[in-house]
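In what follows, a structure is listed as structure tokens, so that the remarks can point back to it.
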Amino acid sequence: MRPEDVPGLPEGVPEQLQSEGIEELYPPQAEAVEAGVTEGESVLASIPTASGKTFVAEMAMLSSVQRGGKALYIVPLRALASEKKAEFERWEEFGVDVGVSTGNYESSGEWLSSRDVIVATSEKVDSLIRNNAPWVSELSCVVADEVHLVDDSHRGPTLEVTLGKLRKINPGLQVVALSATVGNADEVAEWLDATLVESDWRPIDLKMGVHYGNAVSFDDGSQREVPVGKGDRKTNALVADALDEGGSSLVFVNSRRNAEAAAKRLKDVTARYLTPEEEGELAELAGEIRDVSDTETSDTLANCVAKGAAFHHAGLAADHRSLVEDAFRDRLVKTVSATPTLAAGVNTPSRRVVVRDWQRYDGEFGGMKPLDVLEVHQMMGRAGRPGLDPYGEAVLLAKDADTRDELFERYVWADPEPVRSKLAAEPALRTHLLATVASGFAHTREGLLEFLDRTLYATQTDEPGRLERVTDTVLDYLEANGFVEREDGTVSATSVGHTVSRLYLDPMSAAEILDGLEWAADHREESLRKLEGVESASEPAESGGFQRASEMVDDGDGDDAGSFETDRTYPTALGLFHLVSRTPDMYQLYLKSGDRETYTEECYEREPELLGKTPSEYEDVRFEEWLSALKTARLLEDWASEVDEDRITERYGVGPGDIRGKVETAQWLLGAAERLAGELDRASTVAVREAKKRVEYGVRDELLDLAGVRGVGRKRARRLFEAGIETRNDLREADKSVVLAALRGRRKTAENVLEAAGRRDPSMDDVDEAEGVSDATFERASGRTDGERDEGDDADDPQEQASLGDFG
DNA sequence: GGTCACCGAATGTAGACAGCATGTC
DNA sequence: CTACATTCGGTGACC
């Protein structure tokens, strides 16, 4: 089938496709067209990655918009939202506007109502439905990308429920579901009332094999000699072998540490294949990576990248990740060793994929658990770059013949597992039942059950009463916590229940927060008394950043020293950090050996600040959770006390990306807590907002005012404070030369800051810098204005070091 | 006294969505 | 019920 044979596309689109080099549709694409995707028919395309799934969706959306409709494309990851948006924007010349909506990003310009195609995560769509976004009822086509993720125990139910709600709101809605090849695509298609298009067809051949001894045996019967020298590693040999033919490799491993260790070893392999030109470019890239964050992780990554190897995992900062992904796509970086982040994330194909580890530690399982077939297939599916490679190779590693046979059996020949709905789990239903009631989809227990009856779960369950039982348990829970009311068989959301639903909180998180705030109100006097008593013992960490901060307070005017005690706020920031950290919406930090003692001690020291009764040490699980929440809270407190990033990563055993994640989650939860506090008890609202601002800006409380000024982050705020400018008002009245010196002689920056602070005469013309600035500052101010990299003169100035404020 | 190679024991383990209202260096 | 790569810490050999 050729593009011009596809019915329903807007005028000019077939020509555009031909100009992109698309002469002929791929067989599965043609099959989808025959099934009517461009004529409003629902279709489930269960086909391999990289075989043109997105294009099936594009054709459906274009034709739907052509008929005057509006399309929604649901992605599983925020990173994919921007990728898809960029891809779809090439249709703008045909009158198709694209908008994105995710938690941290919303396309600017007009409100989404005016867009023809909207890209969003499933959680965002769910949230938009809860908040009655007007355009939801105007949808004519919804695309669910990676729909097999309904199997995911944490996020799958959201996708499942969201699709159900969208279809209930828009009875004639066209559903285009895209899925990897799974065991029970027919069941999923039936649930969605969609025509199934199933195929193994790939545009580039994929050879799957197992390496054992000195060769790889492939599924097509062929062999490839890849000798492993004595003392060498299989992975190294396979990467080198691919490079001999100019191909890149992706190595999947089972832990972050392994990813880093593998990259360190592989850099000695890749280094041998670099041209001088590449070496230059890589050196530059390594510099960029180092600039992202001043941590050990960043440094290690830069050292590896300089030699052509990289690692990739969730502990990396977002900028690290995209730099690595882009460089790998540009073939500058020759190999990436990665955890599953890369298999699920943005498109990063490679000539060869090595699945080194096929087992992963699973605490609940109690040891190493073999990966799902689906997951391994997803990783292997990354092999083969369209237009670059004649074929892709995916290789598993076996140390003996038995393992080789097992791997063939288990992964190469095996069909992927069936997709199973995880909706009946209590945590999932807690959230979704409340939302279903709150947004008016059901008003009775029976109504809820009827809604649930249309889910994938219902079509799959072989345990009839289960859903009903869990529903009752959950309704009892919601009622007991005051989120819903039941009367004469009807169920309705209370005012708090509505708020919780709209805030997108897990009801259990909301209950925890409400309990904590109430506890604070009840124990205010008592806790404050205790706090005054232990004042001297409650100093936060002895960090570089903090030391400087306190020194500067002392060096400034001495009379500031006492203010800390007198206007103490309650609850304290640590108390609030701990409160949100023990909520199920916050991913818990792992307690390492020794941490138990450390934080038990910490717990007793800081107990007056914690909002709730510390569980007994004998209640093992609860106590552990309490401590690990305390560890998270301490991390947040460090961050909000201007402790350097590398100090934090070292102290808590996390990567720069983890800090960012914690901070973001804390910000969100504290925002939610602020709203909840406002709904009940005004007294703590101020404290909550202050704690939230401190995490947001990453500053101690004395800088909150300054950091709120546009153009001033944690570093500039501290420098200004150090120069004696302590408030926004000081900025308006201070000697301009002092401001200029504090901002290191950047005139334009200083003008912008003064303007943002509301100064009437922000101009910096004819202003000289103040005396008494450090040499380093002076040198920089006079010598450079274009912000070039410089290694040397920053070392002695902690405020200079890169910080989290630099990416986001 | 100091360094180094080696070996057994201890250690620690993937990922990432959301409110709201706007702007870091 | 299940693992395993890496790092740590101790040991003995050697200079």
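In the text below, chain A, chain B and the rest are named by the order of the sequence lines, each starting its count at 1. In this text, all values refer to a predicted model and were calculated from it rather than measured experimentally.
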By the 4.0 Å heavy-atom rule, please label [X] as base, sugar-phosphate, or nothing.
X: K369(A); answer: nothing
X: A672(A); answer: nothing
X: G711(A); answer: sugar-phosphate
X: T102(A); answer: sugar-phosphate
X: G661(A); answer: nothing
X: E664(A); answer: nothing
X: G367(A); answer: nothing
X: R130(A); answer: nothing

Do any N or O atoms of the protein come closer than 3.5 Å to N or O atoms of nucleotides 12-16 of chain B, and which pairs are they?
from    : atom 1 : to      : atom 2 : distance (Å)
dG12(B) : OP2    : S593(A) : N      : 3.3
dG12(B) : OP2    : S593(A) : OG     : 3.2
dA14(B) : OP1    : R256(A) : N      : 2.9
dA14(B) : N1     : R360(A) : NH2    : 3.4
dG15(B) : OP1    : A314(A) : N      : 2.5
dG15(B) : OP1    : T339(A) : OG1    : 3.2
dG15(B) : OP2    : R256(A) : NE     : 2.9
dG15(B) : OP2    : R256(A) : NH2    : 2.9
dA16(B) : N6     : Y587(A) : OH     : 3.4

Answer yes when [X] and [Y] have at least one side-chain N-carboxylate O distance shorter than 4.0 Å, and no when they do not.
X: K422(A); Y: D152(A); value: no
X: R689(A); Y: E674(A); value: yes
X: R78(A); Y: E664(A); value: yes
X: E123(A); Y: R155(A); value: yes

Any donor-acceptor N or O pair under 3.5 Å, side chains T499(A), E679(A)
yes
Polar side chain donor-acceptor pair, S337(A) to H312(A), under 3.5 angstrom
no
Return the nucleotide paired to dA18(B): Watson-Crick means purine N1 to pyrimidine N3 with N6-O4 or O6-N4, wobble means G-U with N1-O2 and O6-N3, both under 3.5 Å.
none
Could you please name the option among dT6(C), dA18(B), dG23(B) that lies closest to any side-chain atom of R710(A)?
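Closest of the options to the side chain of R710(A): dG23(B).
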Taking only the P atom of each, what is the distance from dA14(B) to dT6(C) in whole angstrom?
14 Å
Each base of DNA chain C marked ( ) or [ ] if paired in-strand (Watson-Crick or G-U under 3.5 Å), | if paired to another strand and . if unpaired gives ..|||||||||||||
Could you tell me whether R714(A) sits above the aromatic face of W639(A), with NZ or CZ closer than 6.0 angstrom to the six-membered ring centre and within 45 degrees of the axis?
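Because its charged atom sits under 6.0 Å from the ring centre and within 45° of the axis, R714(A) does stack over W639(A).
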What do you reckon, is CZ of R356(A) surrounded by more than 12 foreign heavy atoms closer than 6.0 Å?
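Atom CZ in R356(A) is crowded, with more than 12 foreign heavy atoms closer than 6.0 Å.
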